[in-house]
Amino acid sequence: MEFKINETVAACKPSGIREFFDIAATKKDVISLGVGEPDFMTPYAIREEAIRILQKGRTYYTSNSGLLELREAIKEYSREQFQLDYSVDEMIVTVGASQALDVALRTMLNPGDEVIFCEPAYVSYLPTIELTGAKPVAITLREEDNFVLTPELLLEAITEKSKMLFLNFPNNPTGAVMLRKHLEKLVPIIKKHHLLVLTDEIYSELTYGYQHVSIASLPGMKDYCIYVNGFSKAFAMTGWRLAYVCAPVYMIEEMKKVHQYTIMSAPTISQYAAVVALNEGLSEVAMMRESYDERRCFVLSRFKEMGLTCFEPKGAFYTFPCIKEFRMSSYDFCMDLLAKKNVAIVPGTAFGQAGEGFVRISYAYSIDSLRAALDLLKQYITELRHKMK
Amino acid sequence: MTNFYFEKKLLKLIETNSKLTDAELAQMLQVDEALINQTIARLKDEGIIGGFHTMINWDLTDDEDVSAMIEVRVTPQKGNGYEKIAAQIYNFPEVESMMLVTGSFDYMILTHKLSMKQVADLVNRISLIEQVISTSTSVVLNVYKNHNVIYKQKKLEDGRMELS
């Protein structure tokens, strides 16, 4: 006998990455370029602070919103780094950016509200919108626009029911960024149609050759934005599960209820360690960024050399090359590559139908690993081209 | 990229991995391979690149030799100060590296891996130099970290899930 599952949950598809991962896990000695987390270990000073705090016995809950000391550090950091103006009362420390997004969606959405989001999209966006009963409305971003959201595409998606615009730049999976000029063009539309912007900027520290601009920092936009950032990517702290959501205080007060009743507070040890991350970790962030940039250039040059088209990603640690020339689906391409060369990459369709014809290749790996995997990829596509002749 | 910045980046990359090819370095730094080639040649000429060695953790081999650190105090000579005395010492093939330092002694010497008898001989020869006032020798018991690499630490596996 089985009990009936909640209908919305039952209808939810499992993550495309997960599905592919399960297949890859059955194979031995797979070389993967599939991960979505830094290869660097968390900087030593941060790890040491966690040990110190643990030894000191700080093992209790913190306030629901998070340690005041941490919120103060976040306030300063956000102001200095991204010209954002959030007070300690306008933020909640969360269990990763995923929870920050979930709490924001659940607090702000009613069934039937439409949430506009851009595909290709990180795997959690669509299902977490659906879990609230709201309706996800996907915009297909185009390679010829460098995968940025244009005002035309946004306008096409807006209806009377549009409540929220969900953004993620620098983007996973494409690595695309939106420059100030791109964001500024969206502002009048957002204001006119009274859209609430939920902006996931978890990759904001990982941009190459330009300084990240947050849409929440543009004049008059704070009231229209819920801003999410965290420690996972910039500080190589994925396993610590720590992020934060910032918004006008009336929204934060309501979000706090959801957060309090479901999570209580983010992990205390991680919160103390994060204070050190913000106060002492930025030079290591810069070092990691420089290293990612070298790898990014390396990977893009190798693509060029093997004749694989790829727009130049300027953020995060992903490339999103186009594989349309092989006239195979992304899924088949990745499965075949895995079967023949033991290299695991993620099919673009794991990020929505808009990802068809693309694959996600992460460069959060050492040059030696990248070289090995790309050599195999090159062999594979050379063989494919040979066969197609 | 300014010239200084480019050179520094290049040097940092090959300092930790001298096996990167010119082509790979060119790709990582987004310059022509020829430029990498020329720059490395020039840096070699200028003595900025002193060589390409392999870092070996001898402690993991059966080799029983030791390396020693020798602190040396001297009376500097008129005219050429510390230079001439230093040359008398660093020309000994047993000396792996040698520095002039501030503090309670003048030179810090690190030897190659040697037998205890060879260490004693070297110290003896250094002591016999006229300007040397005293030496103090420490035998290295354990190397924890060298050239940014932590020894004895088990090689870390990539603990990440294959896809995420």
Side-chain angles (χ1 to χ4, degrees), chain A residues 15-27 30-41 44 123 172 208-209 232 236 238-239 287 290-291 293-305 334 338 343-347 350 360 362-371 374, chain B residues 1-40 43 49 52-57 143-164:
Chain A
S15 148
I17 297 186
R18 193 73 232 168
E19 185 189 351
F20 203 72
F21 173 82
D22 291 339
I23 298 163
T26 61
K27 297 204 64 177
V30 170
I31 305 182
S32 169
L33 295 186
V35 307
E37 58 179 323
D39 59 320
F40 296 101
M41 215 185 288
Y44 185 67
V123 294
N172 176 9
Y208 313 105
S232 295
T238 45
M287 224 185 59
E290 193 172 315
S291 187
D293 193 18
E294 286 157 7
R295 300 156 177 202
R296 182 182 73 104
C297 294
F298 176 72
V299 171
L300 291 175
S301 299
R302 290 295 308 265
F303 287 165
K304 211 169 165 186
E305 191 187 285
C334 293
L338 182 64
V343 173
I345 56 175
V346 184
R360 190 190 75 174
S362 158
Y363 51 88
Y365 292 91
S366 72
I367 288 287
D368 290 339
S369 308
L370 290 172
R371 182 195 298 119
L374 292 173
Chain B
M1 203 161 23
T2 65
N3 208 19
F4 170 73
Y5 184 63
F6 162 66
E7 275 183 27
K8 194 171 163 187
K9 278 189 91 162
L10 174 65
L11 287 169
K12 276 185 153 179
L13 281 171
I14 58 178
E15 188 180 26
T16 47
N17 186 356
S18 66
K19 287 201 133 186
L20 291 169
T21 65
D22 289 0
E24 286 168 347
L25 289 165
Q27 288 170 335
M28 291 165 80
L29 298 173
Q30 293 291 285
V31 295
D32 282 347
E33 194 176 333
L35 180 62
I36 297 283
N37 199 295
Q38 287 158 15
T39 309
I40 290 181
L43 292 168
I49 295 174
F52 296 91
H53 302 278
T54 305
M55 189 177 54
I56 294 167
N57 184 357
V143 179
Y144 297 112
K145 186 176 183 181
N146 189 11
H147 279 81
N148 291 317
V149 175
I150 297 173
Y151 282 175
K152 299 233 158 155
Q153 184 170 284
K154 261 180 90 180
K155 198 167 185 305
L156 285 163
E157 281 175 31
D158 192 338
R160 297 176 293 171
M161 297 191 297
E162 273 155 356
L163 298 161
S164 59

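Convention: sequence-line order gives letters A, B, ...; per-chain numbering from 1.
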The side chain to side chain contact (heavy atoms under 4.5 Å, CB included) partners of A:Asp39 (sequence neighbours excluded) come to A:Tyr292, A:Arg295, A:Ala364, B:Arg160
Okay, B:Leu25 and chain A: the region with an atom under 4.5 Å from a heavy atom over there is neither
Contacts of A:Asp22 meeting side chain to side chain contact (heavy atoms under 4.5 Å, CB included) (sequence neighbours excluded), chain-then-number -> A:Arg18
- Task: Using a strict cut-off of less than 4.0 Å between a Lys/Arg side-chain nitrogen and an Asp/Glu carboxylate oxygen, indicate whether A:Glu305 and A:Arg302 qualify as a salt bridge.
- Result: yes
Looking only at A:Ser15, A:Ala24, A:Gly36, most heavy-atom pairs under 4.5 Å shared with chain B are made by A:Gly36
Cut-off 4.5 Å, heavy atoms of chain B, and the answer for A:Ile31 is neither
Item checked: Polar contact flag, side-chain donor to acceptor under 3.5 angstrom, A:Thr238-A:Glu37 -> yes
